[in-house]
J.: 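Here it is: the structure, laid out below.
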Amino acid sequence: MKYWLLKSDPESFSWRDLEKVPGKKTIWDGVRNYQARNLLRDGMSVGDLAFFYHSQEEPPRVMGIVRVTKTGLADPTQFDPKSKYYDDGSSPGDPRWITVEIALERALPEPVPLPVLRGAPGLEEMVLLRRGSRLSVQPVTEKEWKIVSKLGGMKGR
DNA sequence: GCCAACGTTGGC
DNA sequence: GCCAACGTTGGC
């Protein structure tokens, strides 16, 4: 099993929004960056876990944990001319933007703010903390996963 | 709101 | 294929 971090601007889709979705599942749509797409398409497996991270918030923070429930899905917004994510260079026969479905696993008892991550021993190499890193889908190592989970108030594991 | 870092586009 | 211009992300 692998670990990930998914960024979302809470203005467009927040942890609270996910809690309110019936079934607490959603297709992770709207990613329009090839590196992120490749991780969604080629890196993720059903059962993988990911941190749900709020960017564009003061402070940015890790909100909770989600699980990958389906892989290899064509992002439906790429075919919708009314969507801001519409891509007229993509076709249903050969979709350009592939993503996953995720389901809420559990909220962190204490969401972890970015400054705390920056100060935490063992997270020095975390992709999120690299200068200029804007990648919205990121791999997280098992060691980093455990440290962040602990900071978020999760017991043991 | 600012702006550094980054990705993409398009002229050549 | 280079690279300047442009648009976007995201922390502050």
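Sequence lines set the chain letters: A, B, ... in the order given, protein chains first and strands last, and positions in each chain run from 1. Treat the numbers as computed from the prediction; the structure is a model and nothing was measured. Side-chain atoms are counted along with the backbone in the values below, which use heavy atoms only and exclude waters and symmetry mates.
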J.: Is the shortest side-chain N to carboxylate O distance from R37(A) to D75(A) below 4.0 Å?
T.: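 Result for this pair is no, no salt bridge flagged.
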
J.: Between atom CG in D88(A) and atom C1' in dT9(B), what is the gap in whole Å?
T.: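 Those two atoms, CG and C1', are 15 Å apart.
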
J.: Taking the side chain of Y34(A) as heavy atoms from C-beta outward, which of dG7(B), dG11(C), dT8(B) is closest to it?
T.: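 My answer, after comparing the listed nucleotides, is dT8(B).
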
J.: Give the rounded distance in Å between these two atoms: CG of L128(A) and P of dG10(C).
T.: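 That distance rounds to 10 Å.
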
J.: Measuring centre to centre across the rings, with the benzene-like ring taken for any Trp, is Y53(A) within less than 6.0 Å of W15(A)?
T.: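 Ring centres of W15(A) and Y53(A) not closer than 6.0 Å.
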
J.: What integer distance in Å separates R130(A):CZ from dC6(B):P?
T.: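 In whole Å, dC6(B) P lies 11 Å from R130(A) CZ.
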
J.: Whole angstroms only, please: what is the CZ-C1' distance between R32(A) and dT8(B)?
T.: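 Atom CZ in R32(A) sits about 15 Å away from atom C1' in dT8(B).
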
J.: Going by heavy atoms closer than 4.0 Å, what residues in residues 113-125 of chain A are next to DNA chain C?
T.: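 L114(A), R118(A), in order of number.
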
J.: From CG of N33(A) over to C1' of dG7(B), roughly how many Å is that when rounded to an integer?
T.: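 From N33(A) CG to dG7(B) C1': 7 Å.
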
J.: Would you tell me if any nitrogen or oxygen in the side chain of K7(A) comes within less than 4.0 Å of OP1 or OP2 on dG10(C)?
T.: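 Yes.
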
J.: Would you mind reading off the distance between L135(A) atom CG and dT9(C) atom P, rounded to a whole angstrom?
T.: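 It is 13 Å, rounded to the nearest whole Å.
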
J.: Given the rule that I, L, V, M, F, W and Y join up when any side-chain heavy atoms are under 4.5 Å apart, are I65(A) and M63(A) in one cluster?
T.: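 Unlinked, I65(A) and M63(A) end up in two clusters.
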
J.: Around E125(A), counting heavy atoms of other residues, nucleotides and ligands shown, do more than 12 lie under 6.0 Å from its CD?
T.: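 Count not over threshold, so no.
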
J.: Roughly how many Å is it from NE2 in H54(A) to P in dT9(C), rounded to a whole number?
T.: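 So the two atoms are 17 Å apart, to the nearest Å.
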
J.: Which heavy atom of A36(A) sits nearest a heavy atom of V31(A), and at what distance?
T.: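 Closest heavy-atom pair between A36(A) and V31(A): CB-CG1, 3.6 Å.
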
J.: Give a yes or no on this: more than 12 heavy atoms of other residues, nucleotides or ligands lie within 6.0 Å of atom CD of E19(A).
T.: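 More than 12 heavy atoms, drawn from other residues, nucleotides or ligands, come within 6.0 Å of this atom.
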
J.: Output the rounded distance in Å from CD (E58(A)) to C1' (dG1(B)).
T.: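 After rounding, the reported distance stands at 14 Å.
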
